[in-house]
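Notes for the one structure printed next.
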Amino acid sequence: MSSLEARGGGNYSRRPDIFPKAVDGFFRRLKWAIMAATLAVYYATPWLRWHRGPYAPDQAVLVDLAHRRFYFFSIEIWPHEFYYVAGLLVMAGVGLFLITSTVGRAWCGYACPQTVWTDLFLHIERFIEGDRNAQLKLKRGPWSAAKIARKLAKHALWLCIALATGGAWIFYFADAPSLARQFLTGNAEPVAYATVGILTATTYVLAGWMREQVCTYMCPWPRIQAAMLDERSLIVTYKDWRGEPRSHGIKKAGTFGDCVDCLACVQVCPAGIDIREGQQLECITCALCIDACDQVMDKLGRPRGLIDYATLEDCQAESQGSPPVPVMRTLLRSRTFVYFGLWAAVGCAMAFSLGNRTRLDLSVAQERNPLWTRLSDGDLRNAYTVHVRNMEERPRQVELSLEGLPGAAMWDSLKDKRTAAPSMRILLGPDQVEQRRIYVRAPAAGPDHYELHLTALDQEHSSASKHVRFERPGENQ
């Protein structure tokens, strides 16, 4: 029988209500710390300032869709540098594999947004309605003014948190103080209100109503993790060789295991499962059952660790009399090193690329109609559309020059062809792209390829270049 069927949650059964009991312990305090840190980062980050000079926004983290920029403190990502975002996604995926192969679904149990907001909503519910027994009593009791008031207060707080969650999200896409004033005065763009409305509704529904169902039915990771775990992965495990047979209370006579069937591990589980049935799809490895069981073992004067972080391989060895294996020895294995090495390699490659990237960029597109034009003096002319990017937050003067095309000269559409020269200077605005249509003339006979070279004329002599084709008539023309 599966855990869902055991709880009355078969394929066509109504979802059973789950009221997790409050518990204290190392893992509960760890969840408190991680929840506080992640929520603080999410809500506070848009308000952090980072000075980038007079020509750039001073918001530390900003996704500037209007100007197609992504700012992360001192790092600025342009659209053509999207591969950095792809690299971060690769690192996130490999990091998730690394965590899962070593400590199971620790991400799901501690830092996943669904877990964090559900945990927060559960604490609010417990604060208003009381702990597990009080919530069960309130649910079974008749509707009264006091019950309605508590329900309304709970849902009002849930909606306030959901609204703050949606509101914080939009601040990542515009200057937070300015957008906040516009939003509160009704002057923000309609898309801002629509986004906040959608995120408020999804947060309220997913964290307040659906809770563990999101992890069990909507998230694909519980299915994927099965391929990532093996007998040497560290997971939350019930040591049945020590706990069975259960005594169903404090044992007085006979041979029983340490488990007294108090159901404390079941009552604190946010997914409502019984960890004693083994590793299950619904388990998010939050380890609250460890805290609950350790408290019971302390009261009974028995050793802690009946439910503990352990590997199946170590449990098998421990059941045969071997001493417990240190956690670090479990983590240090070949799979861990492979995943960590891959994760670190991607990170180092991105860091090296960021540290050595040029702050100038040049792109050239040749005009196709016509490919070439013969001038009155016999020379040929080609036309190009040139985009010059200044990725610095200050104005810069650059020089665009021809190399490898003897006797050639160029001018842009803003100047007369009598000003043609082998090079031209362009003043670029801060953090901007300058588009120019340039013309290049060269003798009818000569090389078919040359190079357009862009050089900064300031103290930072960065440069960029592009190989360009100079079109000429064919032999039959």
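Values reported hereafter were calculated over all heavy atoms of this structure, with side chains retained and with hydrogens, waters and symmetry mates removed. All of these numbers come straight from a predicted model, not from anything done at the bench. Just so you know, residue 1 is the first one in the sequence shown, and it goes up from there.
Taking the six-membered ring where tryptophan is involved, the planes of W221 and F97 are essentially parallel, since the angle between them stays under 30° and well short of 60°. A perpendicular orientation is assigned to the rings of W209 and Y204, their planes being inclined by more than 60° (bins at 30° and 60°). The aromatic rings of Y42 and W169 sit parallel, their planes meeting at an angle under 30°, below the 60° perpendicular limit.
Across A409 and A420, no two heavy atoms sit closer than the pair CB-CB, 3.8 Å. Scanning all heavy atoms of the two residues, the minimum distance from A106 to I99 falls at CB-CG2, 3.9 Å. When all heavy atoms of H387 and T385 are compared, the closest pair comes out as CE1-CG2, 3.8 Å. In this structure, P222 and C215 approach most closely via the heavy-atom pair CG-O, 3.1 Å. Scanning both residues, D294 and G305, for their nearest heavy atoms gives OD1-N, 3.2 Å. Closest approach of H453 to S465, counting heavy atoms only: ND1-CB, 3.5 Å.
Judged purely by distance below 3.5 Å, without hydrogens or angles, the side chains of T311 and E231 never pair a donor atom with an acceptor atom. Using a 3.5 Å distance cut-off with no hydrogens or angles, the side chains of T38 and Y110 do not pair a donor with an acceptor. Under 3.5 Å, the side chains of E434 and N390 contain no donor-acceptor pair of N or O atoms. A donor-acceptor contact closer than 3.5 angstrom links the side chains of T165 and W117. For E212 and T216, the side-chain atoms include no donor-acceptor pair closer than 3.5 Å.
Atoms OG and CG, from S423 and L452 in turn, are 11.5 Å apart once rounded to the nearest 0.5 Å. A distance of 7.5 Å separates CD1 of I284 from SG of C269, quoted to the nearest 0.5 Å. The CG atom of L206 lies 8.0 Å from the OG1 atom of T118; values are rounded to the nearest 0.5 Å. In this structure, CD on Q366 lies 8.0 Å from CZ on R469, to the nearest 0.5 angstrom. Annotation: the span from L234 atom CG to L312 atom CG amounts to 10.0 Å, rounded to 0.5 Å. With values rounded to the nearest 0.5 angstrom, L405 atom CG is found 9.5 Å from D448 atom CG.
Screening F70, F173, Y71 against D64 for a side-chain contact (heavy atoms from CB on, under 4.5 Å) leaves a single residue, Y71. Exactly one of T373, D377, N382 qualifies for a side-chain hydrogen bond (donor to acceptor under 3.5 Å, both in side chains) with R441. That residue is D377.
Residue E189 places its CD atom among 12 or fewer non-hydrogen atoms of other residues, nucleotides or ligands, all under 6.0 Å distant. Counting non-hydrogen atoms of other residues, nucleotides and ligands closer than 6.0 Å to NE2 of H80 gives a total above 12. The number of heavy-atom neighbours closer than 6.0 Å to OH of Y193, taken from other residues, nucleotides and ligands shown, is above 12. Surrounding CH2 of W158 are more than 12 heavy atoms belonging to other residues, nucleotides or ligands, all under 6.0 Å away. Other residues, nucleotides and ligands contribute only 12 or fewer heavy atoms inside 6.0 Å of the NE2 atom of H467. Other residues, nucleotides and ligands place more than 12 heavy atoms under 6.0 Å from the OH atom of Y43. Environment of NZ in K21: sparse, with no more than 12 heavy atoms of neighbouring residues, nucleotides or ligands closer than 6.0 Å. Counting non-hydrogen atoms of other residues, nucleotides and ligands closer than 6.0 Å to CZ of R357 gives a total above 12.
The backbone N or O of A365 sits nowhere less than 3.5 Å from a side-chain atom of K466 that would complete a donor-acceptor pair. Checked by atom type and distance alone, the side chain of T202 pairs as donor or acceptor with a backbone atom of L199 at under 3.5 Å. No donor-acceptor pair closer than 3.5 Å links the side chain of S353 to the backbone N or O of A349. Not one N or O on the side chain of E451 forms a donor-acceptor pair closer than 3.5 Å with the backbone of G404. Side-chain N or O atoms of W47 include none that pairs as donor or acceptor with a backbone N or O of A176 at under 3.5 Å. Between the E399 side chain and the I426 main chain, no donor and acceptor come within less than 3.5 Å of each other. Proximity of a side-chain donor or acceptor of T115 to a complementary backbone N or O of C108 within less than 3.5 Å is detected. Judged by distance alone, the side chain of T455 and the main-chain N or O of S463 form no donor-acceptor pair under 3.5 Å. With hydrogens and angles ignored, the 3.5 Å screen pairs a side-chain donor or acceptor of D291 with a backbone N or O of F26. Put simply, the side chain of R389 never gets that close to the backbone of V433: no donor and acceptor are under 3.5 Å apart.
Under 4.0 Å is where a charged nitrogen must lie from a carboxylate oxygen, and between D431 and R52 no such pair does. Of the charged side-chain nitrogens involved, at least one lies within less than 4.0 Å of a carboxylate oxygen, so that D119 and R28 count as a salt-bridged pair.
Under the 6.0 Å cut-off for aromatic ring centres, Y309 and F27 qualify, their centroids lying closer than that.
Side-chain contact check for W107 versus T100: every heavy-atom pair is 4.5 Å or farther apart. Proximity of V116 to K31: side-chain heavy atoms (C-beta onward) are nowhere separated by under 4.5 Å. With a 4.5 Å cut-off on side-chain heavy atoms, D314 and T237 do not count as touching. Side chains of Y439 and S413 form a contact here, defined as non-hydrogen atoms less than 4.5 Å apart. Side chains of R105 and C112 form no contact here, defined as non-hydrogen atoms less than 4.5 Å apart. Within the 4.5 Å cutoff, the side chain of R335 has no heavy atoms near those of the R232 side chain. Side chains of M91 and M350 form a contact here, defined as non-hydrogen atoms less than 4.5 Å apart. A heavy-atom distance below 4.5 Å is found between the side chains of P395 and Y55.
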Show the numbers, then the answer: is there a side-chain contact (heavy atoms from CB on, under 4.5 Å) between L48 and V61?
CA-CA 8 Å; L48 298 178; V61 179; over 6 Å; no
May I have the step-by-step check of side-chain contact (heavy atoms from CB on, under 4.5 Å) for F183 and V196, ending in yes or no?
CA-CA 10 Å; F183 190 89; V196 171; 3.8 Å; yes
Evaluation steps, side-chain contact (heavy atoms from CB on, under 4.5 Å), between V94 and V346
CA-CA 10 Å; V94 175; V346 175; 5.8 Å; no
Is there a side-chain contact (heavy atoms from CB on, under 4.5 Å) between I77 and F72? Walk through the geometry before answering.
CA-CA 8 Å; I77 302 298; F72 185 80; over 6 Å; no
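Residues meeting the side chain to side chain donor-acceptor pair (under 3.5 Å) test with S462, sequence neighbours left out: R396.
Within the cation-pi definition used here (under 6.0 Å to the ring centroid, within 45° of the axis), R69 qualifies as a partner of W78.
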